[in-house]
Amino acid sequence: MVKRALITGLTGQDGSYLAELLLDKGYEVYGMVRRSSSSSLERISHFADNVRIISGDLLDQFSLMDAIDQAQPDEVYNLASQSYVPLSWSQPALTAEYTAIGVSRLLEAIRREKPDTRLYQASSSEVFGQPDESPQTERTAFRPRNPYGVAKGYAHWMTINYRQKYDLYACCGITYTHESPRRGTEFVFRKITHGAAMIKLGLSKELKLGNLDARRDWCHAKDAVAAMWLMLQQETPDDYIIASGQTHSVKDLVDCAFSYVGLNWKDYVSVDPTFYRPDEPVQLVGSIDAIRQALRWQPQYSFAQLVESMVEHDLQELTQQQS
């Protein structure tokens with residue numbers, strides 16, 4: 001029997017890669033998008049004809065119930081949220097509505113319309129904030145430091161509570177930063193790969209960045225969505241960290257990106273203190289021991305492969321725009 005999946009946040013980075021993965025596995029894929037998002041289908045344009053679009057919004061309980069009723073999904077992947085941390089400070093209430101309360105609405109819609117549905121809830125390493133241990137595990141205490149992290153923490157625990165109270169198959173993947181050519185240029189990883197490509201092609205002369213010594217746990221979005229799918233194929237639901245298990249500095253990223261295009265980054269990169277984030281005394285890096293042992297999952301893309309693939313994509317995209 002053909003499985004059905006409903007993806008919220010279909011037009012985002014993760015949603016588009018997940019849809020491709022599920023289509024390759026023979027799923028019937030439904031994507032929930034807000035009416036105002038109908039013009040932002042660029043990431044899924046190459047397979048849009050194979051996906052059934054449903055109008056819905058995490059702010060509206062009835063639209064979520066209608067979406068579940070219409071799709072009758074075996075699996076739901078909730079990837080929609082307001083996920084840009086700086087914006088969560090200027091729009092904290094809206095971030096809470098989408099990223100926190102929206103998950104309560106979705107859980108309730110599943111419970112009422114199709115309680116045998118399996119739910120993947122996208123949690124985030126931002127729930128750890130300033131952790132008291134490194135690397136972090138699934139048992140590390142939550143200490144979020146921004147409205148987005150607070151909202152994700154609420155969503156995480158609400159998902160667990162629904163699993164315990166109503167016996168729903170619901171689980172959370174605590175994803176660390178994951179990147180791809182489909183990432184927005186407002187995020188530092190893509191800002192750097194795009195900047196290196198711009199400078200290589202003579203379209204820019206300088207790239208301004210914040211703290212070059214800041215370290216992050218980065219993996220490829222394709223690896224992350226593979227883990228999401230695996231989590232819903234298990235006999236019993238559980239929560240896992242999805243990460244690379246390694247950290248690299250922003251300087252490592254800059255060096256790798258500029259080296260790929262044959263440039264010395266020191267000639268083009270300047271540091272702007274306005275881009276600094278608060279001090280991070282404890283390194284944010286995820287332990288992938290649990291997911292590796294339980295699901296036999298591990299990243300397939302190395303850090304260098306990720307950087308080089310994104311720079312190459314940006315070079316090609318910018319060249320096409322010029323021609």
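Hydrogens, waters and symmetry mates are skipped; everything else that's a heavy atom, side chains included, is used.
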Whether [X] side chain and [Y] backbone form a donor-acceptor pair below 3.5 Å:
X      : Y      : value
Gln13  : Ser180 : yes
Tyr169 : Gln234 : yes
Ser244 : Cys219 : no
Trp297 : Met228 : no

OH (Tyr166) with more than 12 external heavy atoms under 6.0 Å: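 Result for OH/Tyr166: enclosed.
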Should we count CG of Asn264 as having more than 12 external heavy atoms under 6.0 Å?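 Result for CG/Asn264: enclosed.
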Does the distance from a Lys or Arg side-chain N to an Asp or Glu carboxylate O, for [X] and [Y], drop under 4.0 Å?
X      : Y      : value
Arg190 : Asp314 : yes
Arg111 : Glu108 : yes
Asp213 : Arg215 : no

Among Lys114, Gln70, Arg112, the one residue meeting side-chain contact (heavy atoms from CB on, under 4.5 Å) with Met65: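 Output: one option passes, namely Arg112.
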Could you point out which residue of Ile291, Asp223, Val225, Ile174 forms a side-chain contact (heavy atoms from CB on, under 4.5 Å) with Ile242?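 Among Ile291, Asp223, Val225, Ile174, the one meeting side-chain contact (heavy atoms from CB on, under 4.5 Å) with Ile242 is Ile291.
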Within this structure, what is the NZ-OG distance for the pair Lys205 and Ser270, rounded to the nearest 0.5 Å?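 Between Lys205 NZ and Ser270 OG, I get 14.0 Å after rounding to 0.5 Å.
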Just how far is it from atom NE2 of His156 to atom CD of Gln121, taken to the nearest 0.5 Å?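 It is 9.5 Å, given to the nearest 0.5 Å.
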Excluding sequence neighbours, so at least two apart, what forms ring-ring contact (aromatic ring centres under 6.0 Å, His included) with Trp89?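 In terms of ring-ring contact (aromatic ring centres under 6.0 Å, His included), with neighbours along the sequence ignored, Trp89 is linked to no residue.
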Between Gln316 and Gln320, do the side chains contain a donor N or O and an acceptor N or O under 3.5 Å apart?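 Judged by distance alone, the side chains do not pair up.
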Less than 6.0 angstrom separating the ring centers of Phe142 and Trp157, yes or no?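 Distance test on ring centres: under 6.0 Å, yes.
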May I ask you to test the Arg163-Asp239 pair for a side-chain heavy-atom distance under 4.5 Å?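 They are in contact (side-chain heavy atoms under 4.5 Å apart), so the answer is yes.
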Which heavy atom in Gly195 sits nearest to a heavy atom in Leu207, and how many Å separate them?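 For Gly195 versus Leu207, the nearest heavy atoms are CA-CD1, 4.4 Å.
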Relative to each other, are the rings of Tyr17 and His220 parallel, tilted or perpendicular (30° and 60° limits)?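 Taking His220 first and then Tyr17, their aromatic rings stand perpendicular (interplane angle over 60°).
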